[in-house]
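Remarks on the structure that follows.
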2 protein chains.
Amino acid sequence: MASMKDVAKQAGVSISTVSRYINGTVYVEPETKRKIEKAIEETRFQPNYIAQGLRNKKTQIIGLVVPESLSASFTDFVRYIALITEQNGYELIIRYVKDDPEVEKAVMLKLLRYQIDGIIFIRVSDKSQVEELAKKFDRPIVCMMRGNINEKIPSVVLNNYKVGEIVANLLVRFHHTKIVCITGNQNVAVSRERLSGFIDNLAKNDIVLPKENIFEGHFTYESGIDAIDYFISQNIDFTAVWGSNDLMAIGAMNRLQQYNLSVPKDVSVVGVDNTAIAHMLNPPLTTIAQPIEEMCKAAVELLLSLINPIQGTTIVDRIVFEPSIVLRGTLLPIKTNEEMMI
Amino acid sequence: MASMKDVAKQAGVSISTVSRYINGTVYVEPETKRKIEKAIEETRFQPNYIAQGLRNKKTQIIGLVVPESLSASFTDFVRYIALITEQNGYELIIRYVKDDPEVEKAVMLKLLRYQIDGIIFIRVSDKSQVEELAKKFDRPIVCMMRGNINEKIPSVVLNNYKVGEIVANLLVRFHHTKIVCITGNQNVAVSRERLSGFIDNLAKNDIVLPKENIFEGHFTYESGIDAIDYFISQNIDFTAVWGSNDLMAIGAMNRLQQYNLSVPKDVSVVGVDNTAIAHMLNPPLTTIAQPIEEMCKAAVELLLSLINPIQGTTIVDRIVFEPSIVLRGTLLPIKTNEEMMI
DNA sequence: GTGAAAGCGCTAACAA
DNA sequence: TTGTTAGCGCTTTCAC
């Protein structure tokens, strides 16, 4: 690998002139320019980012920390973030971590030693103390997917309350009244917000969701299965299941079919996430989508704007995205009495 | 961020002594040791990897280049590689790239500027000229998933011929004779190898696979759908479909059901990959699994052994892993005449 | 407009 | 065993 020294020698100029030419910091004579260009060509010189990083204290690298357990839901996030990072001329160091504040802290410290310019955290757990971490870390941090707990940290999030609201209104519009719900861990703000949105908006339509109709799962396929087993064992009568992520909805759907209940004829199913699998199911899953690409773009750009602040710009530090509905085959309206008459 | 200088001052020793203590290169007096330890504690010193990298020309970072198009199949690979990389004390820079040799070259050059210690390429396309790239790149490269084309490059691969062989023998054992097959792009060695293994081993059992019974897809869900449309439009009679990846098999499965053909009663379906989705389908998909975690481990360790060669060790540079079968609900034996009599 | 020189944080050869 | 020094490749004052 040729260095600036080589280029300088080849071009018969000083190293600093080469540097200035490369960075366009000051005007260089056209002749010198030409000589340097030629020398760069000949030596196939490429600036060394590590040396630049040491000098500038900016490495053009950002870190992405993803919870190991939820990797299935976040694959698209990883890809988009990688793509957008790259489009902005940065590289991305990725880390999958356990849901453990100590581990998170260790990872941050390690990444700090690489002098990375900032970190995107994908976090749902309430446990991680991102705000506290951010204080120790003297570089920008952006948090994604985090529920609205009392932390002041630049964030990109989904309107999780709205998720529940949309599903509730949808089921109401389709005349469902006997409803069960599979939530995620209630010690996680995201889950709580989704559930409140759901309960509140059912209530607005005079539907009360009994405690027994709520099953607390762990966002896994197996939770969906367990939930149905539970509802059936409790002799709960229902025509609609909402799983607060796709995985649980899919588990539920398959279990229902094993009980010889048809989806959607006997029971409608709705998920959340619009994972790649959702449309491949039979019937394809009705679900709530989040604008993943836009969210990733927002997160990367937010982070970069924190890394390279532009004068006179005020930075919004909590960007909320709205969920949208994806109607597919697992949802059917309940026939009302009137319709039944026809 | 405290530097060695700070530690040295605090401890009243020279910078090099601190360095030597940190790296354990030579013996240091217990007293000095203690002073340094205390100073490190107080300053919260952490060695700067960028400075070390500049000096040592090793950054403790490796790169992972993944084809953008196939991201769905490779999510597990990314996660395992990240995990294993981390266990070995390295960081991982990830890049998703288009299937285009020019882009690949550009990415390599860019990563080279970061002085990364090596690259793992996940490549299936024949187009990418990894061997040529490796020559320009003066650091180790390990290639994964690549078909056996005439390139000398350290690789970790699946025995793709064996994949076809296993499926062929399985179908034969289950008395299927009317078989159709959805292959991946035939300009890709991986696809060709899988297909040869399949055809050869059917032939060994006196089953010829007519050209019309082979549909060339692109490893996508849609290809599976198209394939079934094609077979049906051609009035081809079949009791088993092999899709050379899960996505295509799933597409086929769903399309069959839309034609009111039952899987597996009317038609058996077999995939390849054992993706996370496979067991969530109804019925769950019979498929061929590759030992992903082991393969990732092998790839990372192979790369690291190239980065840090150990004297007297010879490095195997093509590691082949064997596929295995995952029997699930989409495969049923054909009743033989004898059995029909009973 | 360009060059010389110092320094980012670290390691390693050379002395002592 | 420890300190001094040079240098990895780059940027940026400070002269001229």
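Proteins get letters first, then strands, A, B, ... in listed order; numbering begins at 1 in each. Please read these numbers as outputs of a predicted model, since none were measured by experiment.
Atom CG of A/Leu54 is separated from atom C1' of C/dC8 by 4 Å (rounded to the nearest Å). Atom pair A/Ile15:CD1 and D/dC8:P shows a separation of 9 Å (rounding to whole Å applied). If you measure from atom CZ of A/Arg55 to atom C1' of C/dG9, you get 12 Å, rounded to the nearest angstrom. Atoms NZ (A/Lys58) and C1' (D/dT11) sit 15 Å apart, rounded to a whole Å. One interatomic measurement links the two molecules: CE of B/Met4 to P of C/dC10, which rounds to 5 Å at whole-angstrom precision. Spacing between atom CD1 of B/Ile36 and atom C1' of C/dC10 amounts to 15 Å, rounded to whole angstrom units. We find that CG of B/Asn48 is positioned 18 Å from P of D/dC8, with the value rounded to whole Å.
For the pair A/Asn56 and B/Ala51, both in contact range of DNA chain D, the more 5′-proximal nearest nucleotide belongs to B/Ala51.
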Full working for side chain to side chain contact (heavy atoms under 4.5 Å, CB included) between B/Tyr21 and B/Glu37: CA-CA 9 Å; B/Tyr21 163 76; B/Glu37 276 161 0; 2.9 Å; yes
Side chain to side chain contact (heavy atoms under 4.5 Å, CB included) between A/Arg113 and B/Asn48, worked out: CA-CA 5 Å; A/Arg113 295 177 54 186; B/Asn48 179 327; over 6 Å; no
Check against side-chain hydrogen bond (donor to acceptor under 3.5 Å, both in side chains), B/Glu42 and B/Gln10: CA-CA 9 Å; B/Glu42 286 168 6; B/Gln10 188 95 345; 2.4 Å; yes
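Proximity of A/Thr32 to the phosphate of C/dT2: a side-chain N or O atom is located under 4.0 Å from OP1 or OP2. In this structure, A/Gln52 reaches the D/dT11 phosphate: one of its side-chain N or O atoms is under 4.0 Å from OP1 or OP2. Side-chain N/O atoms of B/Lys57 include one lying less than 4.0 angstrom from OP1 or OP2 on D/dG9.
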Could you tabulate the donor-acceptor pairs under 3.5 Å formed by side-chain atoms of residues 23-36 of chain B, not counting sequence neighbours?
{"unit_1": "B/Asn23", "atom_1": "ND2", "unit_2": "B/Ser19", "atom_2": "O", "d": "2.9"}
{"unit_1": "B/Asn23", "atom_1": "ND2", "unit_2": "B/Ser19", "atom_2": "OG", "d": "3.4"}
{"unit_1": "B/Thr32", "atom_1": "OG1", "unit_2": "B/Glu29", "atom_2": "O", "d": "3.2"}

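With D/dG3, C/dC8, D/dT12 as the choices, the nucleotide that has an atom nearest any side-chain atom of B/Ser14 turns out to be D/dG3. Closest to the side chain of B/Phe45, from the set C/dC8, D/dC10, C/dC10, is C/dC10. Residue B/Lys5 places its side chain closer to C/dC8 than to any other of C/dC8, D/dC8, D/dC10. Minimum atom distance to the side chain of A/Thr17 is reached by C/dT2, of the listed C/dT2, C/dC10, D/dC10. The listed nucleotides are D/dC10, D/dG9, D/dT12; the one nearest the side chain of A/Ser16 is D/dT12.
Looking at heavy-atom distances under 4.0 Å, A/Ile50 makes no contact with the nucleic acid at all. At a threshold of 4.0 angstrom between heavy atoms, the contacts of B/Ser3 are confined to the sugar-phosphate backbone, with no base atom among them.
Contacts between residues 20-31 of chain A and DNA chain C, defined by a heavy-atom separation below 4.0 Å, involve A/Arg20, A/Tyr27, A/Val28, A/Glu29, listed by number.
One axis for each end of the helix from C/dG1-D/dC16 to C/dA16-D/dT1, each built from five base pairs, and the angle between them comes to 40° at 10° resolution.
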